[in-house]
2 protein chains.
Amino acid sequence: MGKPTETRRAEIIEGALAVAAERGVNTVTTQAIADQVGIAQSTIFRHFKSRDEIFSAAVNRTGATMLQTLEPCFSGAGSADQRLCKLIRLQLEYVSNNKGLPRILFSDRLHIESPELKQSVQRVMRNYTSRVSQLLQEGMDNDCFDRSLDPDITASHLVMLIQGLLMRWSVFDFDFDLDSESQPLWEFISRAVRPN
Amino acid sequence: MGKPTETRRAEIIEGALAVAAERGVNTVTTQAIADQVGIAQSTIFRHFKSRDEIFSAAVNRTGATMLQTLEPCFSGAGSADQRLCKLIRLQLEYVSNNKGLPRILFSDRLHIESPELKQSVQRVMRNYTSRVSQLLQEGMDNDCFDRSLDPDITASHLVMLIQGLLMRWSVFDFDFDLDSESQPLWEFISRAVRPN
DNA sequence: TTGATTTGTGATTAACCAATCGCAAATATA
DNA sequence: TATATTTGCGATTGGTTAATCACAAATCAA
């Protein structure tokens with residue numbers, strides 16, 4: 001007991017994500033988080049001003065961590081199509097190990113109740129899509145991808161595909177193996193972006 | 001006052017969908033529905049046994065109506081690719097006019113809290129995907145689509161795309177025109193399924 | 001060691017919620 | 001018309017929730 005607040009904040013965020021993953025965002029009450037962490041409900045408010053602040057911090061933290069994990073796919077070595085293929089695989093792998101992320105990210109609760117949080121989520125999504133677009137543009141320049149593509153629109157379609165898959169996986173309670181979806185998904189995407 | 005219960009049930013379902021569309025599923029309280037319809041909160045329970053029963057009825061009703069609307073695309077006349085293109089367009093158009101549907105359909109609240117409702121949603125989605133798969137198979141037989149495609153897997157990818165788009169639209173609070181997304185979406189899909 | 005700040009907790013509060021109940025008005029039935 | 005059933009509503013109830021507060025323990029600074 002008596003841990004520094006930064007440690008507690010991390011524990012609380014983790015706890016919130018764990019509860020969201022296990023039982024859905026709507027069950028993430030301050031009491032549920034406290035039980036998960038092993039502290040009193042009121043202790044939560046020593047480290048966060050409000051419940052929404054927990055969600056906000058969770059989105060910002062996991063969003064940043066995820067982008068950092070995927071960074072090599074955007075700026076690393078290798079051809080553009082190899083890196084795009086790797087991005088799909090890494091993305092699904094990352095979410096497999098962080099099930100709370102799609103639950104929170106796709107919960108309409110957050111966006112409507114907290115405009116600030118909505119901004120956070122939208123920023124993460126825009127950032128992500130923008131990087132995919134750059135990767136596509138790079139591949140088009142190197143004839144990995146079809147030059148007639150619109151990189152921005154195509155990027156948003158790729159993000160939609162991944163989001164649709166993640167949402168289905170989340171909504172269907174993680175009852176299929178996400179990692180094994182990456183190969184057929186890449187084959188589909190590959191067909192859509194390859195040069196004629 | 002004193003309307004027959006079937007009329008009231010329809011009004012209440014409509015009211016619930018309207019509130020979900022405007023302010024999110026989590027704000028769909030019996031009080032909010034009652035205000036929307038213009039009746040007392042307790043009157044809700046004259047026509048529905050519980051709040052969950054309202055959601056269940058809403059999903060069943062709108063799910064059936066949607067499949068009925070899209071039926072011509074699956075079993076109607078025209079080439080397979082024309083009908084698939086039309087399906088995209090009609091699907092987005094339908095949801096444009098029924099914004100509450102994606103909000104409810106993609107809410108984790110329902111799936112986790114009500115197993116019965118989860119079954120309903122999964123049945124609708126499986127039915128939908130299965131029909132898309134049949135349409136793909138038909139197009140493959142007629143050389144509209146590439147013969148090397150796996151129709152089931154490809155169908156699930158098409159559904160993911162649509163779901164991803166709808167979710168993004170819902171999450172971003174309907175702040176872009178959904179109908180104008182159908183053309184570029186079809187171009188993307190067309191690339192992925194066309195013969196070599 | 002002493003005094004101040006931080007962290008933790010139980011009790012409490014005020015708001016919100018789904019659902020119930022008694023009673024009144026409306027509607028249907030005879 | 002007379003009576004029974006349905007529909008509507010205000011008041012209420014029991015449960016849940018985020019957030020506050022006074023007070024205690026632990027940690028830190030001097």
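All chains are named by letter (A, B, ...) in the order of the sequence lines, taking the proteins before the strands, and each is independently numbered beginning at 1.
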Participant: Check whether any side-chain nitrogen or oxygen of B:R46 sits under 4.0 Å from OP1 or OP2 of D:dC9, and answer yes or no.
Facilitator: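 No, outside the criterion.
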Participant: For B:E6 and D:dT6, what is the distance between atoms CD and P respectively, to the nearest whole Å?
Facilitator: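 Roughly 14 Å, once rounded to whole Å.
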Participant: Check this one for me: any side-chain N or O of B:H47 less than 4.0 Å away from OP1 or OP2 of D:dG8?
Facilitator: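 Result: yes.
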Participant: First locate atom CG of A:L84, then atom CH2 of A:W186, and finally report the distance between them rounded to the nearest 0.5 Å.
Facilitator: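 So the gap between those two atoms works out to 4.5 Å.
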Participant: Rounded at 0.5 Å granularity, tell me how far NZ in B:K99 sits from CH2 in B:W169.
Facilitator: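 Spacing of NZ (B:K99) from CH2 (B:W169) equals 5.0 Å.
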Participant: Expressed in angstrom and rounded to an integer, what is the separation of B:F48 atom CZ from C:dT20 atom C1'?
Facilitator: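 For the pair B:F48 CZ and C:dT20 C1', the rounded distance is 18 Å.
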Participant: How many Å lie between CD1 on B:I12 and C1' on D:dC9, as a whole number?
Facilitator: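 Spelled out: CD1 on B:I12 to C1' on D:dC9 is 14 Å.
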Participant: Side-chain N or O of A:T43 versus OP1/OP2 of C:dT7: is the shortest distance under 4.0 Å?
Facilitator: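 Checking A:T43 against C:dT7: no side-chain N or O falls below 4.0 Å of OP1 or OP2.
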Participant: Report the distance from atom CD of A:E181 to atom CG of A:L92, rounding to the nearest 0.5 Å.
Facilitator: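 With rounding to 0.5 Å, CD (A:E181) is 8.0 Å from CG (A:L92).
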Participant: When rounded to the nearest 0.5 angstrom, what distance separates CD1 in A:I39 from NE2 in A:H47?
Facilitator: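 Here the interatomic distance stands at 6.0 Å.
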Participant: Describe the nucleic acid contact of A:I44 in one word from base, sugar-phosphate, nothing, applying a heavy-atom distance below 4.0 Å.
Facilitator: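 Result for A:I44 = nothing.
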Participant: Given axes from five pairs at either end, by how many degrees does the helix from C:dT1-D:dA30 to C:dA30-D:dT1 bend, rounded to 10°?
Facilitator: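 Roughly 20°, once rounded to the nearest ten degrees.
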Participant: Listed by chain and number, what are the side-chain contact (heavy atoms from CB on, under 4.5 Å) partners of B:Q82, not counting sequence neighbours?
Facilitator: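 If we apply the side-chain contact (heavy atoms from CB on, under 4.5 Å) test to B:Q82, skipping adjacent residues, the hits are B:S79.
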Participant: For residues A:L17 and A:V124: do they belong to one hydrophobic cluster (side chain heavy atoms under 4.5 Å, members Ile, Leu, Val, Met, Phe, Trp, Tyr)?
Facilitator: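 Not linked; separate clusters.
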Participant: Could you give the distance from SG (B:C85) to CD1 (B:I189), rounded to the nearest 0.5 Å?
Facilitator: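 So the gap between those two atoms works out to 9.0 Å.
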Participant: How many angstroms lie between CG in B:L70 and CG in B:L90, if you round to the nearest 0.5 Å?
Facilitator: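 Here the rounded value is 6.0 Å.
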Participant: For nucleotides 13-20 of chain D, give me one character per nucleotide, 5' to 3': B if any protein heavy atom sits under 4.0 Å from the base, S if the only such contacts are to the sugar-phosphate, - if neither.
Facilitator: ----SBBB
Participant: Do A:Y128 and A:Q163 have side-chain N/O donor and acceptor atoms under 3.5 Å apart?
Facilitator: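 Looking only at side-chain atoms, A:Q163 and A:Y128 do not form any donor-acceptor pair under 3.5 Å.
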Participant: Whole angstroms only, please: what is the CZ-C1' distance between B:R8 and C:dT27?
Facilitator: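 Those two atoms, CZ and C1', are 14 Å apart.
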